[in-house]
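What follows is one structure encoded as structure tokens, with my remarks underneath.
Both ligands and their constituent atoms are indexed starting at 1 by order of listing. Along the sequence shown, the residues carry numbers beginning at 1.
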Amino acid sequence: MPRILVTGGAGYIGSHTAHLLRRRGYETTIVDDLSRGHAHNVEGFPFHRLNLRDTAALTAILREGSFDAVIHFAAFIAVGESAQAPELYFLNNTGGSFSLLEAMATAGINRLVFSSTAAVYGTPESTPIPEDARIAPVSPYGESKVMVERALEWMDRYRGLRSVVLRYFNACGADPESPLGEEHDPETHLIPLLLRAVLTSEPVTIFGEDYPTDDGTCIRDYIHVRDLAEAHILAVDHLLRGGASKVYNAGVGQGYSVKEVIRAVEGVTGRSVPFRVGPRREGDPPALVASSTRLQTELGWKPKYTSLAAIVETAWRFASRQAR
Ligand code: UDP
């Protein structure tokens with residue numbers, strides 16, 4: 001079976017993908033510095049605690065493991081934090097990725113799946129957003145990913161590095177077949193915050209209800225983390241077959257407003273969500289919805305979680321287990 005190195009495998013999407021790879025029989029090794037991820041997510045895996053910027057150590061791991069491909073998740077993900085400390089995002093996200101590219105070149109590994117983001121589009125001119133929409137990030141976080149995407153184009157041309165870039169929309173939910181779930185600290189994502197509000201009765205703040213959308217709240221494309229993990233497996237299989245470099249949106253193609261998500265949470269939990277309305281959050285575009293036909297037609301990806309209720313159900317099971 002193929003040997004895969006997963007960077008950031010202790011984090012949310014990385015751990016879901018690593019567990020799914022292992023269940024499918026791929027020999028899966030994880031590298032993570034545990035600065036944001038959780039040790040319990042890597043239990044039972046071959047694991048190296050390492051920051052990617054340690055190029056020498058990373059090169060040694062890549063050489064010894066004779067890996068067929070790398071799936072690279074390790075990165076910071078908070079848009080707000082990236083505006084507070086841009087240098088952190090360029091150093092960790094861009095610098096860490098460049099170090100990985102050097103280590104891969106030295107070790108002769110030339111297949112990479114890269115975690116990118118819808119934030120590369122900034123505030124899109126229209127939705128749904130196709131992959132060839134204008135790249136215009138409005139945060140250091142988005143820019144830190146764009147810089148890597150651009151480097152990958154050059155690495156393809158001059159180094160023969162084949163990559164699949166997945167631009168994530170709003171990853172959410174928890175895998176019902178594993179103990180994994182979303183546990184960011186601090187948590188900034190909508191669904192876990194709504195569930196926490198239900199569990200604690202502490203109101204959550206909605207960031208603005210004066211957007212040019214039907215109910216005034218922002219619209220996002222919520223993709224279940226298990227479906228996202230499947231997309232990574234399809235991407236790595238494509239590269240292992242000798243496939244060319246590609247860029248895909250990873251979203252379902254269906255948008256829901258913040259208030260629709262609140263109603264879904266109320267439907268699933270049977271309780272009302274205490275909330276108040278606050279000002280807009282800086283950098284939040286009114287609507288981000290993927291055109292995901294490319295991923296579906298070219299790689300045969302098909303999301304299983306197409307209803308918000310089904311997504312929230314899995315997140316609720318995880319959150320209520322955590323609260324016990
Ligand atoms: N959101 C909100 N209150 C919160 C967190 C998020 O109203 O406490 C909104 C946010 O403005 C956005 C949507 O929920 O429209 C999804 O935000 P999240 O941070 O989960 O993901 P993002 O879209 O930033 O990737």
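- Per-residue contacts place T205 under 4.0 angstrom from the following atoms of ligand 1 (heavy atoms of the residue considered): 2 (C), 3 (N), 4 (C), 7 (O), 8 (O).
- Under the 3.5 Å distance criterion, the side-chain polar atoms of D227 are matched with a main-chain donor or acceptor of K304.
- Here the protein heavy atom with the shortest distance to atom 21 (O) of ligand 1 is N170 ND2, 3.0 Å.
- Under 4.0 Å from ligand 1, the heavy atoms of R220 that appear belong solely to its side chain.
- Residues D175 and R226 are paired through a salt bridge, judged by an N-O separation under 4.0 Å between the basic side chain and the carboxylate.
- Each of the following atoms of ligand 1 lies closer than 4.0 Å to a heavy atom of H189: 18 (P), 19 (O), 20 (O), 21 (O).
- Considering backbone and side-chain N/O atoms, R281 comes within less than 3.5 Å of an N/O atom of ligand 1.
- Heavy atoms of Y222 found under 4.0 angstrom from ligand 1 belong exclusively to the side chain.
- Taking the charged nitrogens against the carboxylate oxygens, D284 and R220 do have a contact shorter than 4.0 Å, which makes a salt bridge.
- Contact check on R24 versus E230 returns a salt bridge, with a Lys/Arg side-chain nitrogen under 4.0 Å from an Asp/Glu carboxylate oxygen.
- Of all the heavy atoms of V261, none lies under 4.0 Å from any atom of ligand 1, so neither backbone nor side chain is involved.
- Separating the CG atom in N92 from the CG atom in L52 is a distance of 7.5 Å, to the nearest 0.5 Å.
- Counting heavy atoms closer than 4.0 Å to ligand 1, residue V258 contributes side-chain atoms (C-beta onward) but none from N, CA, C or O.
- Taking each of L194, I191, D284, L190 in turn, the one with a heavy atom nearest to atom 11 (O) of ligand 1 proves to be D284.
- At under 3.5 Å, not a single nitrogen or oxygen of L193, backbone or side chain, sits near a nitrogen or oxygen of ligand 1.
- Ion pairing between a basic and an acidic side chain is recognised when a charged N comes within 4.0 Å of a carboxylate O; K246 and E298 show such pairing.
- Using a 4.0 Å cut-off between a side-chain N of Lys or Arg and a carboxylate O of Asp or Glu, R167 and E131 do not qualify as a salt bridge.
- Of the charged side-chain nitrogens involved, at least one lies within less than 4.0 Å of a carboxylate oxygen, so that D156 and R162 count as a salt-bridged pair.
- At a heavy-atom cutoff of 4.0 Å, ligand 1 is contacted by the backbone of T188 but not by its side chain.
- Here the options are F45, F67, F47, the test is side-chain contact (heavy atoms from CB on, under 4.5 Å), and the partner is T29; only F67 passes.
- Protein heavy atom nearest atom 7 (O) of ligand 1, with residue, atom name and distance: F207 N, 2.9 Å.
- Counting only heavy atoms of the protein, atom 15 (O) of ligand 1 lies nearest to C218 CB, 3.0 Å.
- The distance from ligand 1 to the heavy atoms of I206 drops below 4.0 Å at these ligand atoms: 7 (O).
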